[in-house]
Number of protein chains: 2
Amino acid sequence: MKTKSTTELNDTIYKVEQICKSNKLGLTQIRRQVFEIIVKNNKPVKAYEILDEISNINDKSSHPPTVYRAIDFLIENGFVHKLNSINSYVGCFHPKANKECYFLICKKCNIYQECCDDSLKDRISKTAVHHNFVISNTTLEIEGHCLDCNQK
Amino acid sequence: MKTKSTTELNDTIYKVEQICKSNKLGLTQIRRQVFEIIVKNNKPVKAYEILDEISNINDKSSHPPTVYRAIDFLIENGFVHKLNSINSYVGCFHPKANKECYFLICKKCNIYQECCDDSLKDRISKTAVHHNFVISNTTLEIEGHCLDCNQK
DNA sequence: ATAATATATGTTATGTTATAACATTGCAAC
DNA sequence: GTTGCAATGTTATAACATAACATATATTAT
Ligand SMILES: [Zn+2]
Ligand SMILES: [Zn+2]
Ligand SMILES: [Zn+2]
Ligand SMILES: [Zn+2]
C-alpha cells in the first residue's frame, strides 16, 4: 500500500472546498481544521487525537462536542468516514463520487486504503436482495497486513 | 427476516456445549450464562445489558470485567460476534463452521441475520489479493431495513 | 494428600469514546 | 433593531471498555 503524496492530500482538501462552495455548505474554520487534520494525518485518526491537535492549533483547549460536531458534518457530506472496527476517522479520497466506501486497514503500519470496487458493491447488493433487505449503509473493513508489512 | 425459533436457539446452545466438551474448553457458569443471554435475546445485545441480566440471574451485582472476559472467550472461540457498527454482540448460528460471518442488521426492528455467502467471501478475497493484502479479519455489517419493516 | 501451577473470577479504579443539555455568538432577513 | 437560524462554547455525564492486582478454583506433578 503506497502512502499518499502531499499533492494528493492537498487536491483532496481543494476538492472538498470546491464542493462546499458550489453546494453552499458551511466549511467553517473548525470544520476545515478537523478535515485537514484527518486528511493530512493520512492514517486513521481518533477523535481525541483531533481534539488535541485542534487545541494546539488554536492555542486554547477545545471540548469533545466541538470535534464530534465537525466530524458529523464531514461524515454527513461524505468527506470523512468512520472506521467502526477501530473507532477512528479517515478522509474520503473521492468525495461525492457517489460510492459506498470499503476499506483495507493494515494492522501493523496502520495505513488504510479505500477499495470501492463495483464488483464488490454488486456482490453486496445481490446478497441484500437475496435476503429481501434494503441497504441504507454498509460497513466493510478488511483488517490484515499490507504487502510491505507482510514481507518484513 | 424471520426470527429464530426456540428450538433453533436451544440447538445453538447445545452445539456450543458439545464443541466445548470435545475441545476441552471451559464453558464455565458465567460464560454459559453470558452465551445464553446473547443467544436467547436473539438480537444484538449490549455489554452492559448483559451485565444487568447477569446481575439479576445471580442475585448480586457483577462488574464489567466479568462480562467482557466472558465475551472475549466466546468471541475467541467463534461462538459470538461483535457488531462494531452498533457496539453489540450476537450469537453465531454456525459455530466452528470455519466461516467469516457477515451481517444484515435491520435498523428498525433490530433483528440481525448472518449472511456468509461464499460468493461474498470470494469477492472480498479477490479484492484483497488485488491490493496485495493479507486478510486477518473482516467486518461486514450491512445496515438497512428488512422486508417486514420496509413494507410497513 | 500436598504443593505447585495454571485458569478463572472478584474487585477497585480508571481509561476511552461519545452525547445531552443549555448558554452564547455571529450573521442574515425582515 | 429584533427575529430567526446556524454554529460554537461550556459543563456535565453517558456509554463502552480495560488495567492492575487480589482471591478462588481446578489441574497436575510429586
Ligand atoms: Zn470514500
Ligand atoms: Zn502495513
Ligand atoms: Zn457466525
Ligand atoms: Zn426489521
Side-chain angles (χ1 to χ4, degrees), chain A residues 16 20-21 23-38 41 43-77 79-90 110 139 141, chain B residues 16 20-21 23-38 41 43-77 79-90 110 139 141:
Chain A
V16 162
C20 286
K21 256 184 199 158
N23 291 280
K24 295 197 171 118
L25 298 171
L27 187 61
T28 59
Q29 194 190 355
I30 284 181
R31 289 168 174 174
R32 205 199 132 95
Q33 284 174 345
V34 169
F35 185 60
E36 285 203 19
I37 288 167
I38 292 172
N41 261 283
K43 294 200 173 173
V45 190
K46 305 230 153 220
Y48 277 72
E49 290 171 3
I50 298 170
L51 185 56
D52 286 346
E53 289 201 40
I54 283 285
S55 297
N56 283 338
I57 291 173
N58 297 329
D59 214 36
K60 61 160 192 174
S61 95
S62 294
H63 304 283
T66 302
V67 166
Y68 280 105
R69 282 170 188 149
I71 291 172
D72 286 348
F73 167 85
L74 296 167
I75 290 178
E76 266 164 28
N77 292 292
F79 306 147
V80 158
H81 304 292
K82 176 174 185 185
L83 302 185
N84 287 310
S85 57
I86 55 175
N87 293 322
S88 300
Y89 303 89
V90 297
N110 205 24
T139 297
E141 297 163 20
Chain B
V16 162
C20 285
K21 258 185 198 156
N23 291 280
K24 294 194 173 121
L25 299 170
L27 187 62
T28 59
Q29 195 190 357
I30 284 181
R31 289 169 176 176
R32 204 200 132 94
Q33 285 174 346
V34 169
F35 186 60
E36 285 203 20
I37 288 167
I38 292 173
N41 262 282
K43 295 201 172 172
V45 190
K46 306 230 154 219
Y48 277 70
E49 289 171 4
I50 298 170
L51 186 56
D52 287 346
E53 289 202 39
I54 283 285
S55 296
N56 283 339
I57 291 174
N58 297 329
D59 213 37
K60 60 160 193 175
S61 94
S62 293
H63 304 283
T66 301
V67 166
Y68 281 105
R69 282 171 187 147
I71 291 172
D72 286 347
F73 167 85
L74 296 167
I75 290 178
E76 268 164 25
N77 291 292
F79 306 147
V80 157
H81 304 292
K82 176 173 185 185
L83 301 186
N84 287 311
S85 57
I86 56 174
N87 293 323
S88 301
Y89 303 88
V90 296
N110 204 25
T139 298
E141 296 163 20

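Throughout, protein chains are lettered first and strands after them, A, B, ... in sequence-line order, and every chain is numbered starting at 1. Remember, it's a predicted structure, so these values are computed and weren't measured experimentally.
- For C:dT16, neither phosphate oxygen OP1 nor OP2 lies less than 4.0 angstrom from any side-chain nitrogen or oxygen of A:Lys46.
- The shortest side-chain heavy-atom distance between A:Phe73 and A:Leu25 falls under the 4.5 Å cut-off.
- Comparing the axis of the opening five pairs of the helix from C:dA1-D:dT30 to C:dC30-D:dG1 with that of the closing five pairs yields an angle of 20°, rounded to 10°.
- Checking side-chain atoms of A:Glu49 against main-chain N and O of A:Lys46 turns up a donor-acceptor pair under 3.5 Å.
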Give me, pair by pair, the N or O atoms of the protein and of nucleotides 5-8 of chain D that are less than 3.5 Å apart, along with how far apart they are.
from, atom 1, to, atom 2, distance (Å)
D:dA7, OP1, A:Arg31, NH1, 3.1
D:dT8, OP1, A:Thr28, OG1, 2.5

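- Heavy atoms of B:Lys24 sit nowhere under 4.0 angstrom from any nucleic acid atom.
- With hydrogens and angles ignored, a donor-acceptor pair closer than 3.5 Å exists between the side chain of A:Tyr48 and the base of C:dA18.
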Could I get a table of every N or O pair under 3.5 Å where one atom is in the protein and the other is in nucleotides 25-27 of chain C?
none

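- The side chain of A:Tyr68 contributes no N or O atom lying less than 4.0 Å from OP1 or OP2 of C:dT19.
- Side-chain N or O atoms of B:Glu53 include none that pairs as donor or acceptor with a backbone N or O of B:Ile37 at under 3.5 Å.
- The shortest side-chain heavy-atom distance between B:Lys43 and B:Val90 does not fall under the 4.5 Å cut-off.
- Although no hydrogens or angles enter the test, the distance criterion places no donor-acceptor pair under 3.5 Å between the side chain of A:Glu141 and the main chain of B:Thr139.
- Contact annotation: A:Asn87 side-chain N/O to C:dT16 OP1/OP2 distance is not under 4.0 Å.
- Within the 4.5 Å cutoff, the side chain of A:Ile50 has heavy atoms near those of the A:Ile71 side chain.
- Here the side chain of B:Ser55 pairs a donor or acceptor atom with the backbone of B:Leu51 at under 3.5 angstrom.
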